[in-house]
Amino acid sequence: MAKEYNFREIEKKWHKQWAEKQTYRVTEDKNRKKYYVLNMFPYPSGAGLHVGHPLGYIASDIYARYKRLQGFNVLNPMGYDAYGLPAEQYAIKTGQHPEKTTFQNIDRYREQLDKIGFSFDWDREVRTCTPDYYKWTQWAFQKMFNSYFDEELQKAQPIEKLIEKFKAEGTWPADEKEQSDLLMQHRIAYLGETMVNWCPALGTVLANDEVVNGVSERGGYPVEQKKMRQWCLRVSAYSQRLLDGLETIQWSESIKETQKNWIGRSEGTEVQIKVADQDVDFTIFTTRADTMFGVTFFVLAPESELVDMVTTPDQRKAVDEYIKYVKGRTERERMIDHTVTGVFSGAYGINPITGDKCPIYVAEYVLAGYGTGAIMAVPAHDSRDYAFAKHFDLPIIPLVEGADVSEESYDAKEGVVMNSPISEDKSVSYEGERLILNGLTIKEAIAETKRFVKAHNLGRVKVNYRLRDAIFSRQRYWGEPFPVYYKNGIPQMIPEECLPIKLPQVDKFLPTETGEPPLGNATKWAWDTKTNSVVDCSTIDNQTVFPIELYTMPGFAGSSAYYLRYMDPHNDEALVSDEAASYWQNVDLYVGGSEHATGHLIYSRFWNKFLFDLGVSKKEEPFQKLINQGMIQGWSSFVYRLRNTNKFVSFDLLDEQYDDAKKKSLYYYQGVEADPVYADISMVNGNVLDVEKIREWTPEFREGEFILNQNGQYIVNQAIEKMSKSKYNVVNPDDICENYGADTLRLYEMFLGPIEQSKPWDVAGIDGCFRFLKKFWTLYWNKDGSLAADDSEPTADNMKSLHKLIKKVSEDIEVFSYNTSIPAFMVATTELTNQKCRSRKVLEQLVVLIAPFCPHIAEELWEALGNKTSVCDAQWPSFDEKYLVESTVKMPVQFNGKVRFTLELPADMSKEDVEKTALSAPDAAKYLEGQQVVKTVVVPGRIINIVIKPL
RNA sequence: GCCCAGAUGGUGGAAUUGGUAGACACGAGGGACUUAAAAUCCCUUGGCCUAACAGCCGUACGGGUUCGAGUCCCGUUCCGGGCACCA
């Protein structure tokens, strides 16, 4: 009786053994080299894991196991990003405490994860919502509060140093409030009056990366601009370091590019502009200093305080009206609608280069938050200035030879400069020198203008960044509370030794009736400075008892330094001990979705750089190598209901019409429009709906009438979409584990395609992987159920098959090309089966090779082969080229009446031997027969080209 | 508009990095075993032409370099991603 591949028993057995023997426990071991593998930890949602989640976990698990087999001490932890909006919204709806639902979800996640056989060290699990974890989030915030960014040193320094500096300068104010206000302008975590993205529907502010196309990323609600006092993190101070760091890490080019765009460095020039007939001047920022001769007007941002200063009395009314109009527009409107608007301020600015007086306008196309909020307009060479000039009928002066600006501006930075100046009297002389750019290329002209402006003190060279400070306050309940109380409106830090300050209980999770954040509902939320403890709000006297901050921290707070906590998760003295941080350094391999490119991956880098400045983190960059796993999409199924009826029509009976306005197809049945309704994929087989099953699903279907096609089937329409509960296209990994086993699931998820690519889940192919594992299993057993391995020496063919595989798999794993290893496994297994390989040596190494991919079957076979230890502690086989290469003819080609062919030979052969071997190789003989050797060329390595012609 | 990454059978995708394009898998078709089904195994499967052998064409399109191009260079088209009144 052949031994059956009973994956259920095998997997159960090894899950138990791994847990009992703590196979995946890791400790710092100075004698071994470390390797740190990390997945972006999941938010435990109520829907549980779907097959898309484990994709990255499996990929990193394979790598972690591979590294361990290579002798590295591998840290591969897992935890939960447990604070988040969905739990809070669920709490608002049901009254259930978010902690309860979050912990339930975590248990469910853990159960699902355990089934897949990951090598996580669960002793190191972290949850961002537990006090022993968020103590260190609060601690880091306080450190940021007590630090400033020293521009010269380009690093964070204690705020005390700045106070000393102010005292030495004599600029340190006596008043406590003034002191606080002054320091606020420098602290890395600071309280600022800023324009924020306010989302009324969610009742909270959002960070820039949480707003997409003017609506909230979550829920798609409108977002408006509002001025609020908020906690902010001075991320912008680190712009240059965030940019420079990208050069030192191995991330995909596209993510690096995204971050570069987000940071948005632009090198330019700031120039002082005097306002004519007024005692005011202002600064403009430009990257095109070469176009100073083409300036025909200036523009101020409507929000700029300069507007008020320069506006002349007769234009006051018009300007005020315009500002009112701008304020009435939402972020969204400004984004979509680019019609030209603006108003003349009545004032004129003097171009310091030409001496010309140019009108100053106020227009919303200039943004207050970037540069200086004021620009010089060069309509000939900037499309926005061009549109504005055309609209207000302002002059356009072309400055580039051959550029035609009659229809549109010439924005390119290529060409030769002219009209600069038009004539000598159009160029102001400074200390006897005039700026002359004619004949220079644009790039040369920029450099020359910079030099001129600097030399004559007209302005300065300036680098601007688009990256804004992160808004760090949220008007929510389910987040980290700030360790801050207010004394006469001045924020004070709760003493470090009192941390963590725990999230208070509330009876309602909504904002209070007076519009305060949900923490306003807490009755015990005041700080007593005498006892250093949280006390009842009713005792607030603003003498010794003060109100505590009502805001909570945003989602990225807890996820910004979690990788450091995994190094030393139970330490209550420090975020991470110096020993642990020194040993583990930083994450070697980080795996997660690319959707975090401008969120978590920026904040985390910022946070780590700050901790690096403090000496807590030992590496400037937290994640050395980053792999972005693609999304696994689901197949959504639609049935079509005739409008205003309860009739459902088979998809193939519908007439399709494309609607240009809506950019989608509409469907009709006998002239009646049919609307798509999601059907759960479990009710669909291929594209045929199980009508009986869907009737059991919901009442609307139970009563429904189903109009079938002529084959008596109901056909559904299918589309590939993101896997989501609401689209009823979720495939649960538990079902796959149940029917095929975790090893097949692991293998199949990798086989689906390149790890970085998004691809639809398609169960059809899973049988192939399952069949392979059965075949692999069969290789190890005789027909009677006994082990097939013996002590026979492997044949040359055995070694060739094995080493071909070792080479391929080792190379593939290094570059995360697992999907191409799997065919290699299949081929090798077939070859060894055909060779009737029984050699224990070969079979053992084969088990080790598959162990990272399919740990359960590997453990079982490893044990069956007589090993007492786990296959995890085996050694990764090394590849030896000598088994691979005999001489093989690569490719004969004909040209010019000659034939050239290439032989592949072992690498360590001498040049003479290569020639001799090549000419006498059996493969070559058939080509050489009756031919004359014209010339041989040995290509470096082991390729030889032999040119021959007929005798 | 600017920047980045892509395009190979019916499908997912291979191709030792310039050397026999289409590995492996799915799907499809045919066959074996079986009373039947499932499972398993074998064969065929880029296109055209052909009874077959053979032959020709094929890696989005157009050029180029090379003895040789899916791979390198130039141009075009299309799809995906990022940024976007950022001066």
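In what follows, chains are A, B, ... by sequence order, proteins preceding strands, each numbered from 1. Remember, it's a predicted structure, so these values are computed and weren't measured experimentally.
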Could you tell me which residues satisfy salt bridge (Lys or Arg N to Asp or Glu O under 4.0 Å) with A/K462, sequence neighbours excluded, listed by chain and number?
-> A/E270

Nearest-neighbour nucleotide for the A/V366 side chain, B/rA87, B/rA14, B/rC26 considered | B/rA87

Stacked cation flag A/R605 on A/W251, 6.0 angstrom / 45 deg | yes

For A/V378, answer base if it contacts any base atom (sugar-phosphate contacts may also be present), sugar-phosphate if it contacts only those atoms, and nothing otherwise; contact means non-hydrogen atoms under 4.0 Å.
-> nothing

A/D812/A/K808 ion pair, N-O < 4.0 Å | yes

Counting any heavy atom closer than 4.0 Å, what does A/F751 reach on the DNA or RNA strands: base, sugar-phosphate only, or nothing?
-> base

Looking only at B/rU40, B/rG82, B/rA87, the nucleotide nearest the A/I375 side chain is B/rA87

Per A/S254 side chain, nearest of listed nucleotides B/rC83, B/rC85, B/rC4 = B/rC4

Between B/rA69 and B/rG18 - C1' atom distance, rounded Å | 7 Å

Between atom OH in A/Y361 and atom C1' in B/rA87, what is the gap in whole Å?
-> 18 Å

Where does RNA chain B pair, written as one dot-bracket string 5' to 3', with Watson-Crick or G-U pairs under 3.5 Å, ( ) inside the strand, [ ] for crossing pairs and | for another strand?
-> ((((.((..(((......[....)))((((((.......))))))(((......)))..(((((..]....))))))).))))....

Give a yes or no on whether the backbone of A/Y410 and the side-chain of A/H381 come within a donor-acceptor separation of less than 3.5 Å.
-> yes

Closest to side chain of A/F285, choosing from B/rA87, B/rU40, B/rC24 = B/rA87

Is the A/Y740-A/Y748 ring centre distance short of 6.0 angstrom?
-> no

Could you work out which one of B/rC26, B/rC3, B/rU16 sits closest to the side chain of A/N261?
-> B/rC3

Ignoring the backbone of A/H338, work out which of B/rA87, B/rC85, B/rC24 is nearest its side chain.
-> B/rC85

Please tell me which of the listed nucleotides, B/rC24, B/rU40, B/rA87, lies nearest to the side chain of A/M826?
-> B/rC24

A/E257 side-chain proximity, nearest of B/rU40, B/rC3, B/rA87 = B/rC3

Of the candidates B/rC41, B/rA14, B/rU16, the side chain of A/K807 sits closest to B/rU16

Taking the side chain from A/D411 and the backbone from A/S383, do they hold a donor-acceptor pair closer than 3.5 Å?
-> yes

Counting heavy atoms from C-beta on, name the nucleotide in B/rA87, B/rA25, B/rA14 closest to the side chain of A/T820.
-> B/rA14

Parallel, tilted or perpendicular: ring planes of A/F7 versus A/F770, cut at 30 and 60 degrees = perpendicular

